[in-house]
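This report refers to the structure that appears directly beneath it.
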Amino acid sequence: MSADYALAVHRLARHIPAGSVLTYGDIAELLGLGGPRQVGAAMARSDGALPWWRVLRADGTLPADLQARATPHWVEESIPLRHGRVRVPAARWQPDEEAFAILDELASTLASPVVVEETAPKRRGRML
DNA sequence: CTTTTGACAGCGT
DNA sequence: CACGCTGCCAAAA
């Protein structure tokens, strides 16, 4: 994963409004590049200066240690929970047109640099 | 170059 | 609802 990919993930994460969340897969799809694991790798390298607790697994959980630190934030932001984990369907951020434009712009900064052959966007049987 | 690894996802049991 | 397996993809070993 390139450094700019990680940067894009981090920047995108900062656009998630308080009270909402996105899954790793969502972010990968919004960026139009990489997959859930790539996003996870990028998050692992984040400096903590971003709302990392709003980026979670598709099932609304996070690795144990992180989840413990995230819960207070979830409560603070009134993110819908159930059985201690986030109810993703209810909490998932739905970007409005304005936000969408920004994210799209953000994504374009990635897939552009000297694209030699980025013809076949990797599909991985998941849609939003 | 091959193998292992990891802030993942989906499906079956 | 909780595990366990399998598929995935790129980076690191």
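Each chain gets a letter, A, B and so on, in the order its sequence line appears, and its residues count up from 1. The structure presented is a predicted model; accordingly, all values stated were derived computationally and were not measured.
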May I have the distance from [X] (atom [atom1]) to [N] (atom [atom2]), rounded to whole angstrom?
X     : N      : atom1 : atom2 : answer
A:H10 : B:dA7  : NE2   : C1'   : 11 Å
A:R37 : B:dT5  : CZ    : P     : 12 Å
A:R85 : C:dA2  : CZ    : C1'   : 10 Å
A:H83 : C:dC1  : NE2   : P     : 4 Å
A:R54 : B:dA7  : CZ    : C1'   : 17 Å
A:R45 : C:dA12 : CZ    : P     : 7 Å
A:L33 : C:dC8  : CG    : P     : 18 Å
A:L62 : B:dA7  : CG    : C1'   : 7 Å

Quiz item: What is the minimum heavy-atom distance between A:Y24 and A:R57, and which atoms define it?
Solution: CE1-N, 3.4 Å
Practice problem: List the atom of A:Y5, the atom of A:G34, and the distance in Å for their closest heavy-atom pair. | Solution: OH-CA, 3.7 Å
Quiz item: Are any of A:R57's side-chain N or O atoms less than 4.0 Å away from OP1 or OP2 of B:dC8?
Solution: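 Answer yes for this pair, as a side-chain N or O of A:R57 is under 4.0 Å from OP1 or OP2.
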Look at the side chain of [X] and decide which nucleotide, out of [options], has an atom nearest to it.
X     : options             : value
A:W52 : B:dG6, B:dA7, C:dC1 : B:dA7
A:Q38 : C:dC1, B:dA7, C:dC9 : C:dC9
A:T23 : B:dA7, B:dA9, C:dC8 : B:dA9

Practice problem: Could you tell me whether the side chains of A:W53 and A:E77 share a donor-acceptor contact shorter than 3.5 Å? | Solution: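 Yes, A:E77 and A:W53 have a side-chain donor paired with an acceptor closer than 3.5 Å.
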Quiz item: Can the positive tip of A:R69 be found less than 6.0 Å from the middle of the six-membered ring of A:W52, inside 45° of the ring normal?
Solution: yes
